[in-house]
Visitor: 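Below is a structure I'd like to ask you about.
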Amino acid sequence: MHRSHTCGDVDESLLGERVVVAGWVVAMRELGGLTFVVLRDRYGSVQVVFEGERPDIAHGYVVKVAGKVRMRPPDQYREDWKSGKVEIAVEDYEILNRSVPLPFQPEDDVKASEEARLRFRVLDLRRPKMQENFRVRHEINLFIRNWLSERGFVELETPMLTKSTPEGARDFIVPSRLQPGKFYALPQSPQLYKQVLMVAGFDRYFQIARCFRDEDLRADRQPEFTQLDLEMSFVSDPEDVLTLIEDLIAEIFNRWANAGVSAPFPRYTYDEVMERFGSDKPDLRYSVEYEDWTERLAGLGNRIIDSNVERGAKVKALVLPVALSRGQIDRLQREFQFLWFKVSGGKASGNLARFVRGWDLSPYEGKTVFVFVGSGRPFLESLGDFRRTITAAFLKPERDWAFLWVKDFPLLQWNYEEGRIEPAHHIFTSPYEEHVPLLDEIERAIARGAEGDEIDRLASKVLGKQYDLVINGVEIGSGSVRVHDAQLQTRLLRMIGLGEEEINDRFGFLIESLRMGAPPHGGIALGLDRIVAMCRGEESIREVILFPKTTAGVALFEGAPSDVSPEQLEELGLKVIR
RNA sequence: GGGGACGUAGUUCAGCCCGGUUAGAACGCCGGCCUGUCACGCCGGAGGUCGCGGGUUCAAAUCCCGUCGUCCCCGCCA
């Protein structure tokens, strides 16, 4: 080995000993006959001192140094280094490799743009902060594997070359040479495999699984990402999964984010979070919520409220504990439609002021009250947008962490944009048994061509055994107890508009497996990139992915995607038309 | 597919509104001096198709059009 110790190892315990260390030159200070060089490796930094002639080294060089460990003068300790009280008096050195001048210095307060960081990713990854990100990622992976293994879970590797399925995201496809003109798809998730593994009797499966979705990117979305995927047999109720997972999640966030959270996490129903926060992933670091003010405000003579309430609309109020200025409210009104009043010095102002005149206004002193009128899911979702906007703009989070489960989603919902019924989660989610009879009604409604709010309201009565884990307003995981009855599964596939042939072609292997004694089962998939990013306080999952893609799906480091040779295309029977 | 921001030295930026002599700064790089530095200091130097293409103009980093790239958002995506 080229070293006896790592740079981080060298400390007072080695005083007077001869050590050999190797690392990158990250700083050089030449003082004529004396040269200070900081060597760094994964474990830390250490100062080495050359006396006499200037060594032939420079920033970025990989250097091996042999010398005696001695104390630095007491007024020159680097308290922020493990090796900060000592230095190595160089007796001998060797250049293990030279370096071209670096495009940027791999320091934590990196000045380089993200583009440069991705282009020269190896340098970027050399930064101690990135080293720590990926060490934590490794530790979390290891912890998950051990934790689940101790509880009887088996890690199984499902295929990457798999079958394209029409539901969900766009597939990445891979041409087949042996079956020209046919394509594999990269898995969007191991969903169907893990279900059939339950039929196979594995009972408890997990996988730290790479997933692929060919959709547009975001700060928290990459075309390939990693899920902790998990499935258990003989679960009857969502709680069977939740109680297990929340222990795991709490332990991860307590260990690596010092979150101070304890299981069980609060449970909310979908209906409840939509009514109170307008979102199925509310950020509960803020406590502001919507109240139903229909009774309080209807019939007071406000024409907007009265005419809408007559038609079945609800009145929702949100009390913001800040008195906003007229200008701030005007700006909000450009994006959102609402009525409002605020109270200062006991007097109400705003377009609702004259309707609340007789009230005891003291609870609203120094606050702004926003009032919305409407009904249906799109209305509630717009309330969620509003809540997100004003909490971000005008409030500080009241706590660092807010973990919750959202349960009892509707099994099916109306897609208002595309005008069709679709699963709220995915089509393999089991409805609660007592709601199955209500499917008849939905089927009849579909048959007579019902749509919009009407069918959404009908569908919302059939609850699925689905659950989402939400942390600080981010959906971290989603899962369900699955349909294990082939007949019911076929029926649900038909309800979302799939024909017999399509069901057979795409899901035949699942239906067939379900017929061969499928145990009741359920599971969850957790976004591992997001979990690690959150534990590290990173805004973007790119900070915890080694070689991420840009928003245009390009890997700047290696230059993917790229052209392929005419020979490769020929073999695959492919022709590029643009 | 749509909206927004950005693109100037190896890097991070200023200059752009209001066009005009040789396009600046800091860090980095190269050379010299310096024995206790740690953002070392001091002296000197090199380094630019101003993303690319077109247009307007006597004249374009600067104004206009297009295009490419990066980031953020909507759509899309659990």
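Below, read A as the first sequence line, B as the second, and so on, with proteins coming before strands; counting in each chain starts at 1. All figures in this text were calculated on a predicted structure; none of them were measured in a lab.
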Visitor: How long is the line joining CZ of A/Phe104 and P of B/G10, in whole Å?
Guide: 15 Å
Visitor: Between A/Pro103 and A/Arg54, which residue's closest nucleotide on RNA chain B lies nearer the 5′ terminus?
Guide: A/Pro103
Visitor: According to the interplanar angle, ranging from 0 to 90°, do the rings of A/Phe338 and A/Phe386 count as parallel (below 30°), tilted (30 to 60°) or perpendicular (above 60°)?
Guide: tilted
Visitor: Look at all strands and tell whether A/Arg388 reaches a base, only sugar-phosphate, or nothing, counting heavy atoms closer than 4.0 Å.
Guide: nothing
Visitor: Less than 3.5 Å between a donor and an acceptor, one on the side chain of A/Arg218 and one on the base of B/G75, is that the case here?
Guide: yes
Visitor: Suppose you measure atom P in B/U22 against the same atom in B/A26; what distance do you get, rounded to whole Å?
Guide: 23 Å
Visitor: Taking the six-membered ring for Trp, does A/Phe36 stack with B/U37 (centroid gap under 5.5 Å, planes within less than 30°)?
Guide: yes
Visitor: Are A/Arg276 and A/Glu272 close enough for a salt bridge, meaning some N to O gap below 4.0 Å?
Guide: yes
Visitor: Any pair with a residue in residues 527-552 of chain A that passes ring pair (Phe, Tyr, Trp, His ring centres under 6.0 Å), sequence neighbours left out, goes on the list, sorted by first then second residue, please.
Guide: A/Phe547-A/Phe557
Visitor: Under 4.0 Å, heavy atoms only, any strand: does A/Val49 hit a base, just the sugar-phosphate, or nothing?
Guide: nothing
Visitor: Is it the case that B/U11 (base atoms only) and A/Gln105 (side chain only) share a donor and an acceptor within less than 3.5 Å, ignoring hydrogens and angles?
Guide: no
Visitor: Report the distance from atom NZ of A/Lys64 to atom CG of A/Leu96, rounding to the nearest 0.5 Å.
Guide: 6.5 Å
Visitor: With the threshold set at 4.0 Å, does a side-chain nitrogen-carboxylate oxygen contact exist between A/Lys68 and A/Glu87?
Guide: no
Visitor: If I take atom CD in residue A/Glu115 and atom P in nucleotide B/C72, what distance separates them, rounded to the nearest angstrom?
Guide: 12 Å
Visitor: Base, sugar-phosphate or nothing for A/Ser113? Non-hydrogen atoms, less than 4.0 Å.
Guide: sugar-phosphate
Visitor: Take atom CZ of A/Phe428 and atom P of B/A78, then tell me their distance rounded to the nearest Å.
Guide: 12 Å
Visitor: Output yes when at least one side-chain N/O atom of A/Thr551 is less than 4.0 Å from OP1 or OP2 of B/C71, else no.
Guide: yes
Visitor: Closest nucleotide of RNA chain B for A/Asp75 versus for A/Ala219: which of these residues is on the 5' side?
Guide: A/Asp75
Visitor: When you measure from the side-chain N and O atoms of A/Arg542 to the phosphate of B/C72, is any distance below 4.0 Å, counting only OP1 and OP2?
Guide: yes
Visitor: Per the atom types in the model, does the base of B/G32 pair as donor or acceptor with the side chain of A/Glu30 at under 3.5 Å?
Guide: no
Visitor: Check whether any side-chain N or O of A/Arg72 sits under 4.0 Å from OP1 or OP2 of B/C38, and answer yes or no.
Guide: no
Visitor: With rounding to whole Å, what would you report as the distance between B/U8 and B/G3 at their C1' atoms?
Guide: 26 Å
Visitor: Does B/G28 have OP1 or OP2 under 4.0 Å away from a side-chain N or O of A/His59?
Guide: no
Visitor: Would the base of B/C76 count as contacting A/Arg221 through its side chain, where contact means a donor and an acceptor less than 3.5 Å apart?
Guide: yes
Visitor: Using the P atom as the reference point in each nucleotide, state the distance between B/U62 and B/C34 in Å, no decimals.
Guide: 48 Å
Visitor: How many Å lie between CG on A/Leu228 and P on B/A78, as a whole number?
Guide: 18 Å
